[in-house]
2 protein chains.
Amino acid sequence: MAQTGGAEKTGSRAIMREETERAILDAAEVVFAEKGFGGATMQAIADSCGLPKANLHYYFASKEKLYRRVVERIFTIWLEAADSFDTELSPEAALRSYIARKMQLSREHRYGSKVWANEVMHGAPIIQDYLETTLRSWTETRVAVIRRWIAEEQVRPVDPRWLLYMIWATTQHYADFAHQIETLNHGPLDDSQWASATETVCDIILRGIGIRPDADRPA
Amino acid sequence: MAQTGGAEKTGSRAIMREETERAILDAAEVVFAEKGFGGATMQAIADSCGLPKANLHYYFASKEKLYRRVVERIFTIWLEAADSFDTELSPEAALRSYIARKMQLSREHRYGSKVWANEVMHGAPIIQDYLETTLRSWTETRVAVIRRWIAEEQVRPVDPRWLLYMIWATTQHYADFAHQIETLNHGPLDDSQWASATETVCDIILRGIGIRPDADRPA
DNA sequence: CGGCACCTTGACTGGTTGGTCAGGTCTGCT
DNA sequence: AGCAGACCTGACCAACCAGTCAAGGTGCCG
């Protein structure tokens, strides 16, 4: 009864450990997103996943190390989401796919997005190195792709950075400011609202950079 | 020597009080923005404006009351920034002016924007009433204006809410994510970069909703 | 079955924080 | 000048928090 700790008792030692770590990370993601790093307490995270506080410190040496793992997890998902950006060939397909994917992630990983936003807003004290290495090189790659599109006159000449920031800002807004959006909407967005928002964001941005959607609906 | 507290000793009692309150609010805005509500300490705010901590509690009964005043101040600036939205006549002039003003505010009130973002991200525990009353009615007014533009076929038919969210998200991104932007930019944006970003944001959004900038530069 | 490594946990601690308060200082008014 | 009330502040406290620890439980391997 003491050992269970909410997880299955089947599975090898290593798997059990992974499951417990993931349960802690999931709980921590929500608590950090809702309270911020300073406002979150190890006790609240422990309660949220049904473990005694001392047990958290067995798996994660300190609050900061736990927090770092949470932020790293989001960052990885963020980066993987960009694959479609450069596997597609046309600017329209690439951007439409990337924006739609980011909107989907805002819906499915609201708390992760909030933790990331929090961390960056506070000056990225924990993951500054990621900004300077991984994010910077990722961005430079995509900027180069957009510049190529512009050179090929497939896209109206705009500074690629402002375009990327616009995509990041708009898509992540639906996660970070979900509470505001839901207050104005008298409740969570339903499936059709998410689809409508995604389509509108895609259309405005694509038209905005000079790509006319080829499927113009007749009035 | 004891009474001065960093403020001028000239001026009436009421003016001195206002000046001290504003100094505290200014310091609190920065500290809350950088550390979050939970991470900020009254001691840090006191140190930042050169007052003993006990003095803060003379002017603001509690940390939460001080925080509320900070958020209220930003919110008021936010709302006033929207005047141009409905004093201008054409959609192009109105939106261009509104977006440019919001970009300017992101540059001048970075910390205020961050505090607001923080508050909303954490579920608006302190200012939920503002979202439900002032912000809601403000939004409904602007939505009605945009709907009229659409009915008059001055603007392509898009859900006005997704358009507003896009404007809010994109402009505020330059304040809330300033650290990320500056890391990628190897330093703060200069005047010409701010102008370029503002222009690009305006152009993409206006073109995106079917307004062709009338001053198309010849290639 | 015996021993060892891994896991769990209640109780504890050193340090920090928001908030209080008594006593002092200064200002404006009469 | 003298006083009342506004203003200032060092010292203090109860509450809370991250992190520790030692004692005990559990599964695995020989």
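These numbers were taken from a predicted model, which means no experiment stands behind them. Proteins come first, then strands; the chains are lettered A, B, ... in the order of their sequence lines, and each starts at number 1.
- Residue A:R17 places at least one side-chain N or O under 4.0 Å from the OP1 or OP2 atom of C:dC7.
- A:E72 and A:Y130 share a donor-acceptor pair across their side chains, judged by distance under 3.5 Å alone.
- Rounded to whole angstrom, the span from the CD1 atom of A:I15 across to the P atom of C:dC6 amounts to 17 Å.
- With rounding to whole Å, B:N55 atom CG is found 13 Å from C:dC26 atom C1'.
- The list of salt bridge (charged side-chain N to carboxylate O under 4.0 Å, His left out) pairs with a residue in residues 37-48 of chain B, not counting sequence neighbours, is empty.
- At the phosphate of C:dC6, neither OP1 nor OP2 sits under 4.0 Å from any side-chain N or O atom of A:Y58.
- Residues satisfying the side-chain hydrogen bond (donor to acceptor under 3.5 Å, both in side chains) test with A:W149, not counting sequence neighbours, are none.
- A donor atom on one side chain and an acceptor atom on the other are found under 3.5 Å apart for A:E119 and A:Y67.
- Residue A:Y59 has a polar side-chain atom (N or O) positioned under 4.0 Å from OP1 or OP2 of C:dT8.
- When the C1' atom of C:dC7 is taken as reference, atom CD of A:E19 falls 15 Å away, rounded to whole Å.
- With respect to the salt-bridge test (charged N to carboxylate O, under 4.0 angstrom), the residues B:E88 and B:R96 do not qualify.
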- Note on the structure: Contact string for nucleotides 18-24 of chain D, one letter per nucleotide 5' to 3', B = base within protein heavy-atom range under 4.0 Å, S = sugar-phosphate only, - = neither, reads BBBB---
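- Among residues two or more places apart in sequence or in another chain, the side-chain hydrogen bond (donor to acceptor under 3.5 Å, both in side chains) test is passed with A:R142 by A:D86.
- In this structure, B:E18 atom CD and D:dA6 atom P are separated by 17 Å, rounded to whole Å.
- At a non-hydrogen distance threshold of 4.0 Å, nothing from residues 65-74 of chain A comes into contact with DNA chain C.
- Residues passing the salt bridge (charged side-chain N to carboxylate O under 4.0 Å, His left out) test with B:R147: none are found, sequence neighbours excluded.
- Not a single donor-acceptor pair under 3.5 Å links the side chain of A:T200 to the backbone N or O of B:W162.
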